[in-house]
Structures are given as C-alpha cells and as structure tokens.
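Sequence lines set the chain letters: A, B, ... in the order given, protein chains first and strands last, and positions in each chain run from 1.
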Amino acid sequence: MPQMNMAESLNLALDECMNADERVCIMGEDIAVNGGVFRITKGLLEKYGEDRVIDTPLAENAIIGTAVGMAITGLKPVAEIQFSGFTMQAFDQIEQNMARYRNRSRGRYPVPMVLRTPYGGGIRAVEHHSESREAYWAHTPGLKVVIPSGPRNARSLLNAAINDPDPVIFYEPKAVYRAYREDVPDEPEAIEIGKAQVVRTGSDITLIAYGAMMRPTLEATEDLVDLHNVDVEVIDLLSISPMDTQTLVDSVSKTGRCVIVHEGPRNCGIAAEIIARLNEKAFEHLEAPVNRVTGYDIHFPHFQVEQHYLPDPDTIIQAVKQTLAYE
Amino acid sequence: MPQMNMAESLNLALDECMNADERVCIMGEDIAVNGGVFRITKGLLEKYGEDRVIDTPLAENAIIGTAVGMAITGLKPVAEIQFSGFTMQAFDQIEQNMARYRNRSRGRYPVPMVLRTPYGGGIRAVEHHSESREAYWAHTPGLKVVIPSGPRNARSLLNAAINDPDPVIFYEPKAVYRAYREDVPDEPEAIEIGKAQVVRTGSDITLIAYGAMMRPTLEATEDLVDLHNVDVEVIDLLSISPMDTQTLVDSVSKTGRCVIVHEGPRNCGIAAEIIARLNEKAFEHLEAPVNRVTGYDIHFPHFQVEQHYLPDPDTIIQAVKQTLAYE
Amino acid sequence: MPKDTIHQTQKVTPSAPEIAVKSSQFSRRPTITPPKPRRDISTPSIALGEIPNLQILNEKGEVSDPAHEPKLESAEHLKIYRAMILARKLDTRMLTMQRQGEMGTFAPGMGQEATQVGQIYPLLQKDWFSPSYRSFGAQLWRGWTIEGLMLLWNGYADGFNIPDGVNDLPFSIVIGSQVATATGVAMGLKRQKDNAVVVTNFGDGAISQGIIGESFNFAAVDKAPIVFVCENNGYAISMPVQKQTGADFLAGRSLGYGIPSMRVDGNDILAMIVAMNGAVDRARRGEGPTFLEAVTYRMSLHTTADDPKVYRKDEEVEYWKTRCPIARYEKYLINKDLLSIEAIEKIATECEQEVLAGRERFRELAKANPRVVFDYMYQTLPAELQEQKQEYLNKLDRKETDQ
Amino acid sequence: MPKDTIHQTQKVTPSAPEIAVKSSQFSRRPTITPPKPRRDISTPSIALGEIPNLQILNEKGEVSDPAHEPKLESAEHLKIYRAMILARKLDTRMLTMQRQGEMGTFAPGMGQEATQVGQIYPLLQKDWFSPSYRSFGAQLWRGWTIEGLMLLWNGYADGFNIPDGVNDLPFSIVIGSQVATATGVAMGLKRQKDNAVVVTNFGDGAISQGIIGESFNFAAVDKAPIVFVCENNGYAISMPVQKQTGADFLAGRSLGYGIPSMRVDGNDILAMIVAMNGAVDRARRGEGPTFLEAVTYRMSLHTTADDPKVYRKDEEVEYWKTRCPIARYEKYLINKDLLSIEAIEKIATECEQEVLAGRERFRELAKANPRVVFDYMYQTLPAELQEQKQEYLNKLDRKETDQ
Ligand SMILES: Cc1ncc(C[n+]2csc(CCOP(=O)(O)OP(=O)(O)O)c2C)c(N)n1
Ligand SMILES: Cc1ncc(C[n+]2csc(CCOP(=O)(O)OP(=O)(O)O)c2C)c(N)n1
Ligand SMILES: [Mg+2]
Ligand SMILES: [Mg+2]
C-alpha cells in the first residue's frame, strides 16, 4: 500500500477510472497541458489524449453546460471548476440542466457526470478562493454532494462519484491536498455514496464533521479524550446529500449530545439541516442543544486573519465543554 | 384606505419611492413599455421616463451586475428578475458583487439596491417558473432577504427594502399578486427589516410561515381553532435574513411546540435554520420535535399536480396534530 | 406524416453560398506562431469580409435568387408545405383550446413556420435537435407527437416523454440554456465519431444571454458539429430587437468567435432549407459550427398570457401578414403547378383532422398521475427521499379518503 | 509621483484613427422602421468594414506611423516613462518579497506596462477605473499606494481601503466580473450627467466569460460612457489565446454588439495613449462604448504559484523580451533626446527608492486586525450577526489569553 497525499490519490482515482472506462473524460480550465492548478490531473493528457482530457476556454457556465450535453450522449464527464467560488458562474447550468436532465427527460437522459472543485480556506488565498458553499448544492434537488476528508477516502469516493449514474458535486478540501500522506490500497475500495463513517466510537458526545474540518475535529478529539477525559464519538459525514441520517441519529441517540463542525456560513448551512433531522428523529434522546461550530455569516476574510474565521480545535473543545455542561 | 391587491400595492410602493427619491430607478426585462409581465411596474415609464425605468436586454447576470455598478455611483436601483428561477443566471453577480461590494470596498461603496422577483408555485406555470429558493440567499452573507405575505405588508416592506442601505432580495409570492384585496393605508407604514409579526396569539402551538404559505397556514389555523379547539399562535416571518429569532424563541418558549411551513425544498431550507435556532435558544421549552411542512427535495412538478407538492391546510393540520400528540 | 419517411429528405442542390469563405477573415486559424508575434498588428487594418444574405423567394413568391433555388422533387415540396400547414393548424387549435381552458400558457409559433421546418429539414434521424419553447413546427417534423406537445403545454409530465427513435432534447424554457447543452451534445458526438450533427435554436432576445456567447466559443474552439439558429422574430416578449442590441443585425454576433454566419430570410422556406443544408453539411464534414440569423416575425402573441397591443402597432402585424411564409410558398408552388386550390384545401383539411385526432389522444391521455413526481429524480431514490415520497403518498392517500 | 498632478495629463493630438467610421457597418443604428421589414435582407451581402490596427512605435523604437505620433510635451513623456518604470520596479520587488515569504500569491504585470499606463492616461480624476487583478501599473497612476497594493496582496483587508480622491473600484479577482460593475457605473454616470467615463480591463481568457458579452450588449444599448480594454497577453494561466478562441484575434468580439473596436500594439505606449484617448473622448462625447484589444505579452509568471515552463517555451519569452514596452519607449525617448543614460539611471533609482519607501510603510502598516471582519458587512449589523461577532471576539480573547 503506497503512501499518498490527497492530490495524488485523486489523480490515481481519475487515472484508474479513465483507464477502466473510456467514456470517462475530464475537462476544465488548465487541466490538460498544465495538469490543473493543483496538479490533480497531472499526466492524464499524455495518457488519454486531447479528446478525453480537455482544456476548456475560461467559462465555468459553459464547462458545466457542455459537460451535461456530453453526458447526454453517453460520456461520463468529470468537469473541474478551478475554485469552488467560481461555481457561482455555473449556477445556472448546474441547477437548470445538470441537476434536472434526468427528471425533465423522464429518465431518458441521465447525467452521470461529476463536478470536481477545491473548496475551503486555509491556504492563504486571495478573495473568492476559500468559499465553502456545499449547502447551496444540498438545497438543490437532483444533485448528490460528497466531500472526502483524507487521501484514502478521497480516492474511493471519487471513484464512486464517477461511477454513479447521477450528477455528483465533489468538493475537495484544498487545505488537505498536500497536508499529509496515508496508506492508499492498490485496489479502489467500495464506498457507498450516502454513507457516513464513524471514525471513533465514544459514549459522551457525538462530533460530526467532514472535509477539511475533520483535522481540527480529530485534533480536538485527541485533547478531549486525553486531557479532558471525554469519550467522544466522531463521525465523518463524507456524503452531504443524501445524508446518512440513520448513522447520525443512532450516534446521538446513544450519546445524547452533539457538536457539528463545518467551515461554511452558518445560516441555512449543513449543520442546520443535521440539527433539524436530529430534532425529528432523536428528539427524546437529546440532553442538550446541538451545538454548531461553523463559519460565520460574513464573507471569508482576507488571509492574514483566516485562521480566526475557521473553526479550530480550541473552539471545538469549547463547544464540547459547553454542550457537556448543559443540564 | 383604498382596497388593493398585492400587485397594486407593490406598484404603489415603487411609485411612491420613485416620487420621493429621484435616485430610485427600476430596471429589468419588459418592465418599462410592457409594465412587467405581472404588471407590477405599470405606468411608471410614463411617470418617470426612460432613464429611470429601464427595459434591459435579456440577461439576468448583467441586470444585477450593472445594477450594482449603478448603485455604486449613488443610485438606488430596483432590479426585477422576471421569475425567481432565473436568479440562477445572476447568481454570479448576486454573490460576487451585490452581496460583497460594501465589504470588499471597506464601506466605500455600499450597494443600496433591491432585487425584486416573483417566486413560488400555484399559478399553473411551466417549468422553472415556480421555484422557492430563498434559502440560497439566506446562506449568502451580505444580503438581506424579505418576503411579504399580503398587499398591506408588501407595500411597506418594499418601501423599507428600497430605503435600506444594503442589498435586499425581495421575493414576491406570485400566487398572492391578485389573490385578494385588503386595506392599504395611504401613507407607507414603518416596518423594520428583521422583524417578524405575530399575527395571532395563542398558547398551544406556534405556526411559523411566510409569503404565499401564510394563506394555507391561516386557513389551517381557522380550522384548528374552530374545529379542533387548538389555540394556535401564528407568526409571519416577513424577514428571512436577518431573522427575528427572538420573536420565534419567545413564542415557542411559551407554546413548547412548533410547526414551520415553507414551499421550497426541505434540505438546508429555512425551516432547518429555524429549528437550529430554536434548538439553541428554546431547547428547554421544546415539548415535541419541531415539525417541518415544506416542499420536497424534488424539482417542482408540472403544474397539473403542483397542488399536491405545495403545503396545504390539511397537511399543516396533520402536522399540528402530530406535534400536539407527541408526548 | 408517417414517422419513418420524415428523415429521408432529398439531397439539396445547389449548395448554399460559401459563407466560410466570405467571412474568412474571422474564421482563419492563426498562422503566426511564436517566436513571431502571436498577433500581427503591423498592417493598418484588418478587412472583415462580408456576411451573405440569403433570400430565394421574395414576398410575392417569386424567385429572387435563381442561382440558389433548390431542385426539390414535387413530393418533397408537398411534404414541406404540409409540415408548415400542420404547424399552423396545431398552433391555431392550441390557442382555441387555451382560450377554452383546455390548455396551459403556451408560446404560439405563427409566422415562423418556414424558419421552423427549414431548420431541421436537412437533419437525419441520428442527428440531434435542441430547441427553445417556440418550436412546435420543427418538433412535429422530428417525430414529437401532437398529443405529447399538448400534454406538456398543459402541465402533464408525460408530455416530456421523448418518443422512441427521436434523439432530441426536450425544449427548454430557460432562455439560452438549451444552447449550452446542444454544444455539449455536439462535443460528445464528435468524440464518439458517429458523424451526427446538432441543430439548436434560440430567439433574438436569447442571444443577449452570456451562455450563448460562451457556447459559440466552446463550439468554435472544439470545431463541434453544430448549427446555431437564431430565430429573429422581432421581439423578446415586449422588447423589440432594435432595443435588444446596439447592432444592426444579429448575424455578426458569431464572427468574433470565429464562427461563420449568414442572414437568411426566415419567412422563405427555400432560403432556410438551402442555408441549413449548407450549414449541416459543413458540420458533418467536420468543419465546425455555423451560425444563421433567420429573420422572421412573431405574428401572434408572445404567450397566451401576453397582450402585444401594449407594445406594438397593428399596422406592423398587418405588414408582416403580407410576408407570411406559408402564403409565399403557396404562391411559388402554385406558380410551379405543384399545388392547386383543391390540393391546398385538401391538405388543410387533412392537417386539421390530424390535429383534432391528436387532441382526441391528448384528451384520453390527459390524466395527471401525482404519484410519480419522485420517480425520475435519481436512478435509485436515496433513503431520505424514499421517506419524503412515503410522506407525500400518505398525503395523497389522505386526500383521496377525504374526497 | 505627486497625486495632484496625475490627472492633469496633456491633451493628446493628433487624434486616433476614426474607428467609428471604419467599422460603421456594425454600429449604424437601424434606419428602417415598421411597417417596412425591420431587417432588410434583400441585398446579397453585408460588407463588414475593417478594424484598424494601431502601432506607432515599432519594436525598434522607430516611429512606424508618423501620422498618429502624439505631440506630447517632454515633461509628459517623462511622467509616462517614469510610471512604467515604477510599475516594473514594484513588480520586481514584490516578486522578491514573495520569494522571501513577505508577500502572498500575486499576479506580476511585467511586460504589460505600456498597456497599463496607456489605458488610464487620458482619464481625469472624476473618471472611474475598474481593473482586473493584473493592474498595478494603472492603479499606481490612479492614486493607489504602493503600501496599499502590498497590503492587499499580502492578505490584509486594509489594502482594500480606497485612497481618498480615487474613484476606482477595487480590482476584481473574479474573471470578467469587474466588467459588469464597470458597465453599471457607466450607466449610472450617464444618468447623473456628470460627464465622467469608465475604463475597465480584462484578459484574453476573461473575454470567454459570458458576462463580458452581456456587458458589451448593455453598454451598447445604453450608449454608456465606457472603454473596454482587453489585455491580450497571450495566456490565461496555461491556456494560449490560440486555444481560447476560434477567431484569429479578439478585437472582432465587440462588433456583433455594435461596439466599434481597434487592435492596438499593447507594447507601444504611444499607440495605447492615442487609441485610449480617442476611445475616452468618444465616450465623453456621449457616443458610447469602444473596445480595444491591446496585444501584449505576459513576460513573467501567471502568479507566483505558477510554473510557465510546463506550458511555454523559453524562446517565446526571449522573443518577447525583444519587444519589451519599456525598452522600446526608452529608445524613442533617447532618439528624441528626451532621455539620457544618466536620466534613465536616475529615474530607475528614484523609482526603486519609492518602492522601498512603500515597502517600509507596508511593513509598518502590516498589522492584521482580526477584530474588524464583521464591520463592513452591513451599515448596521443585524442582531444575529452581533451575536456571532461577540462569539468570534470571545474566541479571539480566549486565544490571546491562551498565548
Ligand atoms: C433565463 C430566462 N430569463 C427570462 C425568461 C422569461 N422569458 C420567457 S420568453 C422571453 C423572451 C424571449 O425572447 P426571444 O429569445 O426573442 O424568443 P421568442 O420568445 O421571441 O421566441 C423571456 C424574457 C426565461 N424564460 N428565461
Ligand atoms: C471566474 C473565474 N474563473 C477562474 C478563475 C481562476 N483564474 C485566475 S486568473 C485565470 C486566467 C485569466 O487569464 P486572462 O483573462 O488572460 O488574464 P491574465 O491572467 O492573463 O491577465 C484564471 C482561470 C478566476 N479567478 N475567476
Ligand atoms: Mg424573439
Ligand atoms: Mg491573459
């Protein structure tokens, strides 16, 4: 099992999917000759040629719009949007065609495509390069939304997304791309879109996070367990929509307390939806208000202060303490 | 006090704002010569001339983008997007300029503009003409989002939106445009963006709704009060973002039970956010899970069956009964 | 018209004027490569060439450009004529149905029959068509059924079922949106090397949408096999095309993207067929996209919810009636002895019957099934949607009990 | 350069070639009104006219088009030259700072100094400028400070403070986005009749964005006082302009919208000044928008995160070094006896000092205040955000205690 960082494991997933299925093609700005600004598509042009590795002109809406058309003819396009902030440009084609074509053609034209895009803060980037707006897509019927948290699950999740018969938004935590390496099995692992992963079992409180927020969450967990003697259960959501409500409900029904962590804005964010579901299905087990540790409802700040905006282990620990203290 | 329907009262608000402040100008597709496809801007071209009543070319993104620019020069543009489904085309300029310019210019260029758009189902319209996606905007920092429910509050709320120093998304429940008439005072009433209205006080359960959903909610209320002997408290949210959390918390703290009604998709919708806030601030008072009566996470169906998609009094009554039955 | 014969149209000769040459200054690929300057700016100016205009039949039905008059067999002429009549009959009938409460808001196509039938005439069955909403005429030719169109405009999901053997996309209500999908389809077909082409249409208002420019660019860069047809019918709802653009005509819009273009009299079926034939052939030969501006007129309402009296003069409509595409073609066919007054009446009656028969089938089929609204969302409905579906079905059950 | 003198530039004579005439076929307003056909298509074709190319100084610094050589005072020439040197010095210094960890990722402008300074030279203080991110050179001229630019590229919000007396918009990172805002500003200025104009710039990649086409259209229809400048520097990150478009050049892109255009040698400061002067005058006279394609070259990296070796050859960069806009202008000024080797060195040293002084101020100012991130969201912070702000401030307090 080779050690890989997430950039490499995503590249591996693309490579193996393109190798296995010649309908898979990739497209986006600077993804061919340049191998992508984060080098996720490096080397694929040389292997699969211009027809399947397509450097597109600079227009996100048309990237998604044409990918939908290509999918309708039977291809499986994986379109990259260079930064998730620029999915706004493609909102029209995402909401109006990508998410709808199966339904509006009454099943005749499914859209088995993937929109890959790096999201989130933490790399000292300029304006519009640190957004986390997965909630927009969760609120959009017809899409699936998944977010890996590490090299290993990134590879399997991307593989699953590419092989999914429906359109998938694949958010890549760019802060994790080169953050660490981990063992990645030679063969792709089966992973089901729609399933969360309990990464640590515990009995005192449930911590729910995903993507780049798994790292501060796990860091906080370590402290909580080691220094504060709190037996934390940690869930990596992985699939934002559909969501593995059952796993969340089971966990919180057991622990009675919960903290949810994400970096996107709070208002109508993913945490709100999780709370609504826990309210519906674990109400009688809740011993304290579910706590949200999220980004604020402000624009992502300039990078000198981004670390203060982003949820960090300390804030998570505070929230856990507060939630545990609730009587 | 003349009786007016909502189409007329909105027209009145535009007229009085344009009359009072010559910086106010209106723009959009078919709004000048044609007076708008719903006739909300009727007669204004004749009164205020081409420079202030602008028929734009057919491009929503540029409508919002140029409105932002006009606002930066000191005008107060009120831009109409013909149907809220087509705000998707303008997502880019809404999120990236309209919502951000005050902040990115460090206060130098506020954007005192309004985006008016008819939303929601119920008028037997074709695809893409019945969407309710106010949650997108609530999730977007920098915006305010308001939705009137009747002729009288529509007029005051639009007046407040136009006079607000920040960008406001103004959703108009098109099913209500001509649904009924009510007394509208001659003078605009002071109304504060960010405040909800308790339209009926009660002690058993809180019903929260807004926009077009106020009608089925009030109808359900009548039945609940008259036939089922339930003392319902009803809140018209009016302002979706910012939200009048305090009024909601006070009400639910009193009643202990709550049902929220909206027609947009459920996942990450406004109801989820309300539940999250009640969970945070009224937890100890909740006697039952807060119930959501919302649109489903599917595309708005073709109009022959739209009445089944939309929340109706019966469904609301069922939800109230279920919530009251919870022990 | 029997479906299997539709796509066996006759090869059109002579061919269209050579548009690629005439606007070649725009479509010439770069020849200067580094290390020389990428763009040579040492000449005092760049000549832009010209855009051909094409009209073959003038408004009196006379041949004004004999060099381009297509040599079509009589049967072919009658097939085309009939398709235009059928489109108009459907239009008229649906308007009546709408006024009688049997039809939803829809967008009549009256006056655009030549543009409609001409734009898909050269397509084979394997080719694709991605239309806007005002495209009955073309859709009927492509194999969509009368009852299907009636269903969908009356709010029944079943209207969106794409008939067997038809490759087309369902029409799009979102202005301009279908053009991006169409471009993607063309890019996909090209990669699958099956030599099929795509036609997409949009209005004079639609061309203001950025996505159409983006699509032009993608198609040009990819040399995708697609023909873009702008049906300039004079209005986008209330907005006259003169206020929609600062240019004098729309045909120039594609040139800056390197896509050759032509302006066609869209009320002249022969010009439409010849122009489209040339453009489709170009696409099929792998020479990339073409753009046509078809100059026509919306003789009827924008939609049945519209009142054109607010924004246009009756005299203008009257004027355009004299340019009616059907009348013009009729005169031509009569002059050529291909059509008699009796034949005209016979065809009119047949088409009316066909529409009425379609309406009968529509009436039989017009049963809304509210239970299916979840069924085409995903290949497999996720658990959370299964729950919502159950909740929804319970609601339906309850309603039925209540009733 | 003292701020108050910046905007007192000399009136430029002779004027630019008459572009409005040369491409008049596109900008001519409709003359035929109903009941005649809105669009006359009876002529066999529409001649498109031509796009002027403008180069005044060739790469050797010789005057290649004496008819258009602007008659500028010596002091004016030196001011312009100095502005170009200052831009390059800032660029070079920031690259060093970035490599030394004192600067965030930024987009160097080396090679584009003539395009930069030329495009805002004719602007008055009351005019507006809405630039893309690669616009140091122009922003310095407009009154943005060195320390401000350093601050913002190094992630300090204070860098976005717009200096007093400067009307400009902060540059935009979102490709194409600034063009819509600029168009709206122009529409706003026109309505307020204060006779000011707007210049906006964008790249050869940006022009693929639909919003730019939409903005062209809005500006043309409104006759808004704006000049669109496309800095065609050959690349959009790794994408050569030849793959970005199917056309041979970009200047044609606006014609289909009815906006006249010109191609300018963007490495020729005199051509840039003359072309911009004509375009700005046109706008100020109320004649509407103009589009200029400035052909230049990005001599440096896309951003400091980029490695151009992956996608372009050294020999290409070498070739373009011979076309350096500064060297070319220097030769011209030396030939004209306006500049000596000593003067060149003196100006270089002064500019270097100015940049270093700016860096000093930057270092003093470079204190991030995390406490203000909520402060410019709304005029009055809503209650729920006040709560979030408090939560956030508590977190900061806690951190400070922790440290
Ligand atoms: C994106 C979008 N914006 C607005 C509308 C509303 N609308 C429907 S038709 C129409 C005018 C279209 O005019 P044109 O493109 O000329 O086509 P025509 O109706 O004349 O066939 C408008 C504005 C829409 N359907 N989609
Ligand atoms: C909407 C959007 N899409 C993508 C990007 C990422 N991006 C930044 S610069 C760039 C290339 C721009 O090229 P060009 O317009 O030629 O300007 P240049 O960088 O050459 O000055 C890209 C793709 C962005 N900033 N905004
Ligand atoms: Mg039209
Ligand atoms: Mg460039």
Side-chain angles (χ1 to χ4, degrees), chain B residues 29-39 42 50 54-63 65 82-83 85-86 88-90 92-93 123-130 265-267 292-312 314-315 317-319, chain C residues 104-107 133 151-160 170 172-177 203-211 236-240 243-245 302-303 305-307 310-311 366-374 376-377 382 384-385 388-389 391-392 394-396 398-399 402:
Chain B
E29 295 157 12
D30 306 291
I31 64 124
V33 177
N34 204 34
V37 292
F38 287 105
R39 304 288 181 262
K42 200 176 151 181
E50 284 193 334
I54 308 166
D55 261 336
T56 67
L58 211 176
E60 288 79 9
N61 208 18
I63 292 175
Q82 211 161 72
F83 288 88
F86 311 132
M88 308 301 132
Q89 264 73 2
D92 157 16
Q93 291 295 325
I123 63 153
R124 301 172 66 80
V126 289
E127 276 190 299
H128 301 279
H129 283 65
S130 302
R266 185 171 303 170
N267 199 343
R292 298 194 267 186
V293 178
T294 68
Y296 306 99
D297 291 309
I298 62 175
H299 300 304
F300 196 92
H302 293 278
F303 71 72
Q304 288 290 352
V305 301
E306 68 173 326
Q307 72 278 21
H308 303 300
Y309 172 92
L310 289 169
D312 57 16
D314 168 66
T315 318
I317 292 171
Q318 293 298 326
Chain C
T105 304
F106 82 102
Y133 47 86
L151 283 168
L152 75 81
W153 281 109
N154 205 16
Y156 296 93
D158 285 342
F160 276 83
S172 164
I173 291 281
V174 183
I175 303 291
S177 180
D204 48 295
I207 202 169
S208 296
Q209 290 282 6
I211 188 63
I237 308 187
S238 70
M239 187 78 154
K243 284 176 68 183
Q244 187 73 237
T245 170
H302 168 67
T303 67
D306 175 50
D307 176 11
V310 178
Y311 54 82
K367 290 181 185 54
N369 179 0
R371 297 192 171 255
V372 299
V373 298
F374 282 80
Y376 295 104
M377 288 302 298
E384 62 195 53
L385 276 184
Q388 288 191 15
K389 182 176 174 181
E391 189 187 302
Y392 172 77
N394 292 345
K395 169 176 167 179
L396 294 181
R398 213 161 51 230
K399 283 197 189 186
D402 288 1

Does any heavy atom of chain C fall under 4.5 Å from the side chain of [X], the backbone, both, or neither of them?
X	answer
B:H129	side chain
B:E60	both
B:Y296	both
B:F83	neither

State the [atom1]-[atom2] distance between [X] and [Y], to the nearest 0.5 angstrom.
X	Y	atom1	atom2	answer
C:K389	B:I298	NZ	CD1	10.0 Å
B:N61	C:S208	CG	OG	13.0 Å
B:F303	C:N154	CZ	CG	4.5 Å

Taking side chain as C-beta onward, heavy atoms only, is [X] less than 4.5 Å from [Y]?
X	Y	value
B:R39	C:D307	yes
B:V305	C:R371	no
B:V126	C:W153	yes

### Task
May I ask you to decide whether B:R266 forms a salt bridge with C:E391, counting only side-chain N to carboxylate O separations under 4.0 Å?
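Here B:R266 pairs with C:E391 in a salt bridge, since their nearest N and O are under 4.0 Å apart.
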### Task
Using a strict cut-off of less than 4.0 Å between a Lys/Arg side-chain nitrogen and an Asp/Glu carboxylate oxygen, indicate whether C:R398 and B:D314 qualify as a salt bridge.
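Here C:R398 pairs with B:D314 in a salt bridge, since their nearest N and O are under 4.0 Å apart.
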Show the nearest heavy-atom pair for residues [X] and [Y], with the distance to one decimal.
X	Y	result
C:G155	B:H302	O-CB, 3.2 Å
B:V33	C:Y311	CG1-CB, 3.8 Å
B:Y309	C:K395	O-NZ, 3.7 Å
B:D297	C:M377	O-CE, 4.0 Å

### Task
Select one option (side chain, backbone, both, neither) describing which atoms of C:Y376 are under 4.5 Å from chain B's heavy atoms.
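Interface part for C:Y376: neither.
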### Message
For C:A206, which atoms come within 4.5 Å of any heavy atom of chain B: side chain, backbone, both, or neither?
### Response
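Looking at C:A206, just its backbone touches chain B.
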### Query
Does C:S238 offer a backbone N or O that forms a donor-acceptor pair with the side chain of B:N34 under 3.5 Å?
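No, because the side chain of B:N34 does not come within donor-acceptor range (under 3.5 Å) of the backbone of C:S238.
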### Task
Among the options C:N369, C:V373, C:I237, pick out the one with the most heavy-atom pairs lying under 4.5 Å from chain B.
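Top option by heavy-atom pairs under 4.5 Å: C:I237.
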#### Entry: Stepwise side chain to side chain contact (heavy atoms under 4.5 Å, CB included) test for B:Q89 and C:V174
CA-CA 10 Å; B:Q89 264 73 2; C:V174 183; 3.1 Å; yes
### Query
Looking at B:T56, B:L58, B:D55, which one forms a side chain to side chain contact (heavy atoms under 4.5 Å, CB included) with C:M239?
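The residue from B:T56, B:L58, B:D55 that satisfies side chain to side chain contact (heavy atoms under 4.5 Å, CB included) with C:M239 turns out to be B:D55.
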### Top contributor to chain C contacts, counting heavy-atom pairs under 4.5 Å, from B:E29, B:H128, B:M88
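The option with the most such pairs is B:H128.
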### Task
Verify side chain to side chain contact (heavy atoms under 4.5 Å, CB included) between B:H308 and C:K399, making sure each step is shown before the conclusion.
CA-CA 9 Å; B:H308 303 300; C:K399 283 197 189 186; 3.2 Å; yes
